[in-house]
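I have placed the structure first, in the form of structure tokens, so that the comments after it can refer back to it.
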Amino acid sequence: MENTPDIMLRPAVDADLPGIRTLFRSTVLHVCAGDYDANQLQAWASGADDPERWQKLLNTTELIVAVAGDGRLAGFAALERPSHIEMMYAGKDFQGMGVAARLLRQLLSRTTGPVTAHVSRTARPFFEKHGFLVTEARFPVRNGIVIPNFAMTKP
């Protein structure tokens, strides 16, 4: 059962990008710490340092944010059309509150056909719970560090 705080989902705008980058870094470093070592976490979190990457994400995907009633950014998700989840993160202070489930439902409502995603070790159980199946173990490299994840598909 979800214990979702007062959360509003809306399309992201340019002004959201600094908060999205901060939430991304914080979530990686704190939420994923049990599944990756310090070098992997630092390499992964460094993805927040490239503002052009995030501007491109806003311009080329359907990027949505989850905003708490008090105005804090609770999470974000990006859908690459027609049916690839490019990113999805619930903030460290919003874990277990249904934020990710709400974001996922919103993305799924906008897809056609099978939905794909590349998900972390940390996120894999969440995606499996929502009907995704692992199709491949992946070993992407960032800053010379391998950060294992999984290709998953929801038929």
Side-chain angles (χ1 to χ4, degrees), residues 2-81 83-111 115-127 129-130 132 138-152:
E2 292 180 16
N3 181 22
T4 310
D6 182 24
I7 297 289
M8 177 187 70
L9 301 182
R10 63 167 173 76
V13 296
D14 285 332
D16 293 318
L17 290 177
I20 289 170
R21 291 170 54 205
T22 298
L23 184 139
F24 169 83
R25 178 186 303 282
S26 176
T27 302
V28 168
L29 293 176
H30 296 280
V31 176
C32 301
D35 296 306
Y36 294 91
D37 69 33
N39 290 331
Q40 291 170 320
L41 293 170
Q42 288 299 324
W44 184 2
S46 74
D49 298 336
D50 181 359
E52 291 176 7
R53 172 188 186 211
W54 297 91
Q55 187 65 54
K56 181 179 176 186
L57 187 74
L58 178 66
N59 295 341
T60 62
T61 69
E62 189 169 336
L63 183 61
I64 58 174
V65 292
V67 181
D70 62 6
R72 290 183 299 156
L73 186 63
F76 71 93
L79 178 66
E80 184 179 289
R81 292 286 188 173
S83 58
H84 178 72
I85 298 171
E86 179 61 28
M87 286 192 189
M88 192 173 80
Y89 290 85
K92 68 180 182 70
D93 297 332
F94 294 91
Q95 293 292 304
M97 296 183 181
V99 173
R102 291 229 7 234
L103 287 166
L104 181 59
R105 279 195 303 274
Q106 181 71 13
L107 294 183
L108 293 176
S109 74
R110 297 165 183 261
T111 62
V115 180
T116 61
H118 297 155
V119 308
S120 67
R121 292 173 178 160
T122 309
R124 179 180 170 176
F126 168 84
F127 279 88
K129 176 181 171 186
H130 291 277
F132 283 75
R138 300 179 67 246
F139 302 92
V141 177
R142 178 179 288 278
N143 299 340
I145 307 290
V146 175
I147 307 168
N149 67 21
F150 302 93
M152 298 188 80

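The basis for the numbers below is simple: all heavy atoms, side chains too, and nothing from hydrogens, waters or symmetry mates.
Note that the CD1 atom of Ile85 and the OG1 atom of Thr111 stand 7.5 Å from one another [nearest 0.5 Å]. Note that CZ of Phe94 is 10.0 Å distant from NZ of Lys92, once rounded to the nearest 0.5 Å. One finds the CG atom of Asn39 at 10.5 Å from the CG atom of Asn143 (value rounded to the nearest 0.5 Å). Note: Arg72 CZ to Ile7 CD1 = 8.5 Å, rounded to the nearest 0.5 Å. Residue Arg81 holds its CZ atom at 12.5 Å from OG1 of Thr60, rounded to the nearest 0.5 Å. Interatomic distance, CE of Met152 versus OG1 of Thr116, reported as 11.5 Å (0.5 Å rounding).
Among Val28, Ile145, Leu29, the one residue that satisfies the side chain to side chain contact (heavy atoms under 4.5 Å, CB included) test with Gln42 is Leu29.
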Open item on the list: Quick one, Val119 with Phe132, criterion side chain to side chain contact (heavy atoms under 4.5 Å, CB included). Give me CA distance, side-chain angles, the key distance, then yes/no.
Closed with: CA-CA 10 Å; Val119 308; Phe132 283 75; over 6 Å; no

TODO: Begin with the C-alpha distance, continue with both residues' side-chain angles, and end with the deciding distance and a verdict on side chain to side chain contact (heavy atoms under 4.5 Å, CB included) for Arg105 and Leu9.
DONE: CA-CA 11 Å; Arg105 279 195 303 274; Leu9 301 182; over 6 Å; no

- [ ] Apply the test side chain to side chain contact (heavy atoms under 4.5 Å, CB included) to residues Gln55 and Asp14: give CA-CA distance (whole Å), side-chain angles for both, the deciding distance (0.1 Å), then the verdict.
- [x] CA-CA 8 Å; Gln55 187 65 54; Asp14 285 332; 3.0 Å; yes

- [ ] Go through Leu103 and Tyr89 one step at a time and tell me if the side chain to side chain contact (heavy atoms under 4.5 Å, CB included) criterion holds.
- [x] CA-CA 9 Å; Leu103 287 166; Tyr89 290 85; over 6 Å; no

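A pairwise comparison of heavy atoms in Ala43 and Ser46 identifies O-OG, 2.5 Å as the closest pair. Pairing each heavy atom of Ala78 with each of Leu63, the nearest pair is CB-CD1, 3.8 Å. Of all heavy-atom pairs between Ala12 and Val65, the closest is CB-CG1, 3.9 Å. Contact detail for Leu107 and Met88: the closest heavy-atom pair is CD1-SD, 4.4 Å. Of all heavy-atom pairs spanning Pro140 and Pro148, the tightest one is CD-CA, 4.5 Å.
Proximity of Asp16 to Leu73: side-chain heavy atoms (C-beta onward) are nowhere separated by under 4.5 Å. Between Leu104 and Phe126 there is a side-chain heavy-atom pair separated by less than 4.5 Å. For the pair Phe127 and Phe150, the minimum side-chain heavy-atom distance is 4.5 Å or more. With contacts defined as side-chain heavy-atom distances shorter than 4.5 Å, the pair Ile20/Met87 does not qualify. A heavy-atom distance below 4.5 Å is not found between the side chains of Pro51 and Leu17.
Within the structure, salt bridge (Lys or Arg N to Asp or Glu O under 4.0 Å) contacts touching residues 30-56 (residues at least two apart or in different chains) are Arg25-Asp49.
Using a distance-only test at 3.5 Å, with no hydrogens or angles considered, a donor-acceptor pair links the side chain of Arg21 to the main chain of Ala48. In terms of modelled atom types and a separation under 3.5 Å, the side chain of Arg102 and the main chain of Ala66 share no donor-acceptor contact. Formation of a donor-acceptor pair under 3.5 Å by the Arg121 side chain with backbone atoms of Cys32 is not found in this model. Formation of a donor-acceptor pair under 3.5 Å by the Ser26 side chain with backbone atoms of Leu23 is not found in this model.
A perpendicular orientation is assigned to the rings of Tyr36 and Trp44, their planes being inclined by more than 60° (bins at 30° and 60°).
In terms of the ring-ring contact (aromatic ring centres under 6.0 Å, His included) criterion, His30 has no residue partners (sequence neighbours excluded).
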